[in-house]
Amino acid sequence: MAAVPPPFLILIPLLAAAALTLTTAATIDPGDLAVLEDLRGTLTNAADVLAWPKHTDACGWPHVSCDRAGRVNNLDLKNANLAGTLPASFPTLTALQDLSLQNNALSGPLPSFAGMASLRHAYLNGNDFLSIPADFFSDLADLEEICLDDNPRLNASTGGWRIPPTLPASAPQLRVLRLDNCSLVGPIPPSLGAMTALQSLMLAYNNLTGAIPPAFASSTIQTLWLNNQRGDADRLSGPLSFLAGMTRLQQAWLHGNHFSGPIPDAVANLTQLTQLWLNGNRLVGLVPPALLSLPLLHDLKLDDNALVGPAPVLLARGANVTFSHNGFCGAACAPEVTALLGFLAGVGFPQRLAESWAGNDPCRDWLGVSCYQGKVTLLNLPGYGLNGTLSASLANLSALSDVRLNANNLTGRVPDSLAGLTSLRKLDLSTNDLTGPLPPFTHDVDVNVDGNPSFNGPSPPAHRSPTPTPPSTPADSPNNNNNTNKKKKSTLVVLAVTVPVAITVLALVSLAAVLLLRKKNNNGSVQPQASSVVVHPRSGSGSDPDNLVKVAMASSDSFGGTSSATSSRDSDIHMIEARSFVIAVQVLRSATKNFAQDNVLGRGGFGVVYKGVLHDGTMIAVKRMESSVISNKALDEFQAEIAILTKVRHRNLVSILGYAIEGNERLLVYEHMSNGALSKHLFQWKVHGLEPLSWKKRLNIALDVARGMEYLHTLAQQCYIHRDLKPANILLGDDFRAKVSDFGLLKSAPDGNFSVATRLAGTFGYLAPEYAVTGKITTKADVFSFGVVLMELITGMTAIDERRIDEETRYLASWFCQIRKDEEKFRAAIDPALVLTDEILESISVIADLAGHCTSREPLQRPDMGHAVTVLVPMVEKWKPSNNEAEDYMGIDLHLPLLQMVKGWQESEASMTDGDSILSRLDDSKGSIPARPAGFAESFTSADGR
Ligand SMILES: *[C@@H]1O[C@H](CO)[C@@H](O)[C@H](O)[C@H]1NC(C)=O
Ligand SMILES: *[C@@H]1O[C@H](CO)[C@@H](O)[C@H](O)[C@H]1NC(C)=O
Ligand SMILES: *[C@@H]1O[C@H](CO)[C@@H](O)[C@H](O)[C@H]1NC(C)=O
Ligand SMILES: *[C@@H]1O[C@H](CO)[C@@H](O)[C@H](O)[C@H]1NC(C)=O
Ligand SMILES: *[C@@H]1O[C@H](CO)[C@@H](O)[C@H](O)[C@H]1NC(C)=O
């Protein structure tokens, strides 16, 4: 210092001052020191994890950095095993720029970070913070990146927390917002889409709901994770239209939500996109070709949606696309599929149709579509809420003869090309919002454009038949059961229903009609001309009952609907048109004598089942829901139930004929089974003055039940589990053939072996042990119940009877297995009502073995229902009655009354069509499986049975 030349002397005080300043800079701000000490105090394991020596300057402590002013600007304590909480004083570290506390075990409340104006990067992820204050994000002017992901319990005990709508204003610099798995709820605020600096938004694994706000369409986001929201009922939903303008997007994870509607064509604008995961949503429509040719896109997942059209192929080299569990038609669609998808595109792919119109064969269960000889002839979608225009592509359906699109919201003109459809006979476009003029249809076409308010074209041709002409009663007398006569007369019955759930019935009956026609054709007597079918009404009970009455049960006449009709051309083919599968409550009221007590067939927790007689003498069974269980939710469930019932159709399952909803009334109409429940004939035949069931009948019943159950488990479109199989739910027809009823507990399972946790349902005594204990159900629980039913058929004893003196015998299933080993005891247990011959004894022994097998303790050791059928068939064969009554209605037989013919078709459909598709259908176990409606959860116990 002394050597310093005089001119510099003047600097000495300055240098000293500077030195002083430097020293001060190295010393921590007392306020910040207090925060660090607080932190030391709130951590429960500070002594172990923080090597912060006391009495030294905290700015020199490990993990702590200060700025020149001695303010803490960096706290780096990531992966440090910290436990405990953050002190309330924490936000006073207002100079803190970088905070790394990720991957510790911090818990307790997060203090508000409001006003930490220097904070740029805050990593709080991977902890267990329990709450976050509402003003946490206020005044974070410099914040660029914040991660709170993986704090799964954040506000969880108080119902989660919401993304503050004020975020853009309070953290305008935010580039990265990472909030995965931290109990967010509610919608994504629109303001988030307007954050101009935002590049990464990660909100996966929360309980977010609602649509993505349109403001996102102009956002600058590059990485967007919205996947796997957790809500059971609601997740992120709505259309993907927001994607259209997100031109910077590189990675979009949108999977595991409820996004719906088509993938917008505007994805063509997303030229930076490399990864797009859309799997597990409810997307419909075609995959836009522009998406597939995006230059950088190399990873596209589309699985588990309802997408249709040609299967997607990515153009980029080495790119991967997955698309299982959709409705794609294959590499290229059949022309009729393309035409129908064109129509669907015109009306915006409404969800219900988009999900139904899957695959490459429109003649296979497509809602509202019917075919003849593999060509689409009928498009029947009245009142479907179709919004949009009529596609010219319909003109490519060359056999289309009947188009019913009335009562929709169709706009625009009727395409000229439709006038070129030579097969077209009926075009009902009434009650829409179409504009004219009409293309020049020929006089053969019955066009109806009534009720299109803005229709300005010339009025449609005058030849359409406005009023029904009187029915031309079939030549035969109603009682004529002469087969040759019936064979000569050809009766084509087509149900044209207006209610979607009834489409199955429509398809079924029209196919039956087609099969009938085809048969005729083979006989060479009638030319099959789908285009010349003629609408022909019934006049109540005056028609030939054999041919018409039973089908009319599902048609409008018996249920009091209205039929429109035109008279026949020179053809003996008639077509019955039923307006609706919906039945007027009034009709059911009068059919059941105003739900008379005398007509009660049975009752259960959800309501009562009544016998009814329609005015034409048809017997029906009407399930009436208790009004106390009716709510909006119950209504949805009621409809879901109907949807299930219309899907499971088999001759060994009681079928649904219609339903009624009016005010508080919820009614389901079933076919009536004249001999009532099996329980009555098995356990109470004496009381009711009945004959005991012969062994032959019991075997037939066992086989019928096995077939019905096999269909439910493996052959129906989805795998269904009955859950309450018991004699009270097995109904017998005139001929003592059995049908399984009460699908109130029906549960659809993802597949046959998959277990589904359910609320315990069913009836004690028939419950499989694993189901009773765990509530997890598989089809093997039904197999168990079936085994118990077999035991009941053998012994005539109920599954459980507390009155049985001997405790051992109270539970049939366990007792049966014990005595089975003892020949003498076993013989004594056989129903005394059975006449025993050696042959019958041998047969009983086989069935007893099957019963034991079915009730094996381990579900895996139980056979499937197919095995039971295989065992039972030869047994029944052996006892086959000489008059062949048993198996004859397998094929379509013109001698049979129509309903039986229809049933025959159902059966062949059940065993062939669905059988073919069983693998694909069962594979297709996506989230849309209808859940068992809770309103029907109660077990229905037949009044005749116990
Ligand atoms: C999120 O949804 C799941 C599944 O429904 C639920 O268990 C959880 O409690 C919900 N969390 C919040 C915070 O609401
Ligand atoms: C691409 O974006 C522009 C403006 O953002 C929009 O006008 C255009 O329609 C988009 N392209 C497509 C194919 O939608
Ligand atoms: C495509 O999938 C294969 C096999 O899974 C994988 O090795 C490859 O890296 C994927 N390609 C791209 C571009 O993601
Ligand atoms: C048609 O539009 C109406 C009103 O916008 C909507 O409520 C309805 O769901 C739409 N129909 C279909 C099938 O999308
Ligand atoms: C047509 O749409 C309007 C409003 O979009 C709606 O009020 C009306 O009910 C719809 N009509 C039909 C038949 O769906």
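Counting starts at 1 for both ligands and their atoms, following the listed order.
- Aromatic ring orientation, Y123 versus H121: parallel (interplanar angle below 30°, classes split at 30° and 60°).
- For atom 14 (O) of ligand 1, the nearest protein heavy atom is under 4.0 Å away.
- Aromatic rings from F328 and F323 are positioned such that their centres are separated by under 6.0 Å.
- For atom 5 (O) of ligand 1, the nearest protein heavy atom lies under 4.0 Å away.
- Ring planes of F216 and F242: perpendicular class, angle over 60° (limits at 30 and 60°).
- In terms of N/O distances under 3.5 Å, ligand 1 is approached by D232.
- Between R178 and D180 there is a salt bridge, since a side-chain N of the basic residue sits under 4.0 Å from a carboxylate O of the acidic one.
- In terms of protein heavy-atom proximity, atom 2 (O) of ligand 1 is nearest to N207 ND2, 2.3 Å.
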